[in-house]
Structure formats: structure tokens, C-alpha cells
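What follows is a set of notes on a single structure, which appears directly below.
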Amino acid sequence: SCVRTPGTTFSVEISAGRIKDASRAIETAARYCPIEVELNGELVTRLDFLEGADYVTTFEGLRIGVINAQDRCSLYNPAINFHGLTVPHKLPTVGEVGSQKSWYAKIDIIDCPALQLTLPARKEVVASPFLADLDAAVEAAIYAAIAKRGHHRLPFENWCRAAALGVALPPASEGLASFVAATNDLSL
């Protein structure tokens, strides 16, 4: 007989030279996992996948976090968190005139059967009609984050797109970016 707490326990024999590798792999897998994970009796540090987001909203069982930062969105960066498994996926982005930053989103899945991932590995998003709705929701969330900030330097086309998605933005802020002429004189 033994005393066990509720939950699932895995016991794995690992050779002495592979313990650090296994520990790192478990910590990586549990980083964004919504449940507590213990490794050798200690809780593994968990993070919120949308930590640092400027704006968070929900849509159809998803948490959408909007971030304004240097362009980090590519097909190789994780954009979707499926219960601890991060999946790269290209989501809509919005850039402002004269800014090195762009607005992009990350998604944390709560319970969304409409968003399908390939089986068995769940490493890619399945192309489905839901993706068009998801892209529109991400764009609307980005424009809502910009509206919350209160000012913007969006091109007119983006301002019109925000209006079409139901987000009222003020007119773009006036201003010109400073101009520095290129030169071949390397001593400057």
C-alpha cells in the first residue's frame, strides 16, 4: 500500500548522462501547460503564453493576446499554445507608418473544437473554413488594442479595415518621420 495524491505519475529510468537532457525536455513541455507538473518532487515553472500582451480578448474558446513589438511573427515562431504544445502559424499583422514595431497576436487555446490541429503530432493547423473567422477575429483584436491606446499611424486602408471589422479608430496622428540622407562617407 502507498499514499498517492490525485494525478498521473510517470516513472522513467534514464541513464545518468541523459538526466539533464530529460529534465530540460520536461521543463520545456510543461512551460505553457495549464496543469501543474512536478519533476523530482518540485513544481516546474509555468508561464502564461500571453504574458506581456498589450491586450487580451477571447473568441470562440480562444484567448487572443495582442503584442506591439519588433516583428516576431513568422512561420517559425510559436503563435498558438495547445495545452502546453506550441505550434507555429502565420496570423495577421498590422504595421504603422514610420514604426519599427508591428502589431501581432498569439493564441492560447482554452476549448475550441473548430480549430483543428493535425494528428497525431498536432504540429500544424488544419486548413478549414474556421481560419478565415480566426484571422478576422485576430485583426479585430489588433485594431481594438490600437483603439485602446488612443492614437495610431495606420495607413488609410488599415483604418478602413478596422471600421469594416466594427472597430472605431480616431484619425491617424499627424507627423513626418525624420529624414537622414544616406551617405558613402564612412567617417560620419
Hey, what do you get for [atom1] ([X]) to [atom2] ([Y]), rounding to the nearest 0.5 Å?
X      : Y      : atom1 : atom2 : value
Phe82  : Arg122 : CZ    : CZ    : 4.5 Å
Glu27  : Arg31  : CD    : CZ    : 8.0 Å
Ile67  : Leu50  : CD1   : CG    : 7.0 Å
Gln116 : Glu124 : CD    : CD    : 13.5 Å
His89  : Leu117 : NE2   : CG    : 10.0 Å
Ile26  : Leu39  : CD1   : CG    : 5.0 Å

Heavy atoms only: give me the nearest [X]-[Y] pair and the separation to one decimal.
X      : Y      : value
Lys123 : Pro88  : O-CD, 4.1 Å
Ala168 : Ala147 : O-CB, 4.0 Å
Ala105 : Val138 : CB-CG1, 3.6 Å
Val56  : Ala53  : CG2-CB, 3.9 Å
Leu134 : Leu91  : CD2-CD2, 4.4 Å
Cys112 : Glu60  : SG-O, 3.2 Å

How are the rings of Phe130 and Phe59 set to each other: parallel, tilted or perpendicular (split at 30° and 60°)?
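If you compare the ring of Phe130 with that of Phe59, the planes turn out parallel.
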Checking the side chain of His152 only, and the main-chain atoms of Leu169 only, is there a donor and an acceptor separated by less than 3.5 Å?
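Not at all, since once roles are kept as given, no pair shorter than 3.5 Å links the two residues.
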Check whether the side chains of Asp108 and Asn81 place a donor and an acceptor atom closer than 3.5 Å, and report yes or no.
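A donor-acceptor contact under 3.5 Å links the two side chains.
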So, Asn158 and Tyr143: side-chain donor and acceptor under 3.5 Å apart, yes or no?
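Result is yes, a qualifying pair exists.
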Does some side-chain heavy atom of [Y] sit less than 4.5 Å from a side-chain heavy atom of [X]?
X     : Y      : value
Arg46 : Tyr32  : no
Ser23 : Ile19  : yes
Ile80 : Ile109 : yes

Using a strict threshold of under 4.0 Å (side-chain N to carboxylate O), is an ion pair present between Arg149 and Glu96?
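Salt bridge: yes.
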Tell me whether Glu139 is salt-bridged to Arg161, with the criterion being a basic N under 4.0 Å from an acidic carboxylate O.
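Counted as a salt bridge, because a side-chain N and a carboxylate O are separated by less than 4.0 Å.
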Matching residue for Arg63 among Thr58, Asp48, Thr57 - test: side chain to side chain donor-acceptor pair (under 3.5 Å)
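Exactly one option meets the side chain to side chain donor-acceptor pair (under 3.5 Å) with Arg63, and it is Asp48.
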Are there more than 12 heavy atoms of other residues, nucleotides or ligands under 6.0 Å from atom CG of Leu119?
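Yes, enclosed.
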Please answer: with hydrophobic residues joined when any side-chain heavy atoms are less than 4.5 Å apart, are [X] and [Y] in the same cluster?
X      : Y      : result
Phe49  : Leu47  : yes
Leu62  : Trp103 : yes
Phe156 : Ile142 : yes

Residue list, side chain to side chain contact (heavy atoms under 4.5 Å, CB included) with Glu157, at least two apart or on another chain
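If we apply the side chain to side chain contact (heavy atoms under 4.5 Å, CB included) test to Glu157, skipping adjacent residues, the hits are Pro155.
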Apply side-chain contact (heavy atoms from CB on, under 4.5 Å) to residues Leu115 and Val125 and explain how you reach the verdict.
CA-CA 7 Å; Leu115 182 61; Val125 175; 3.8 Å; yes
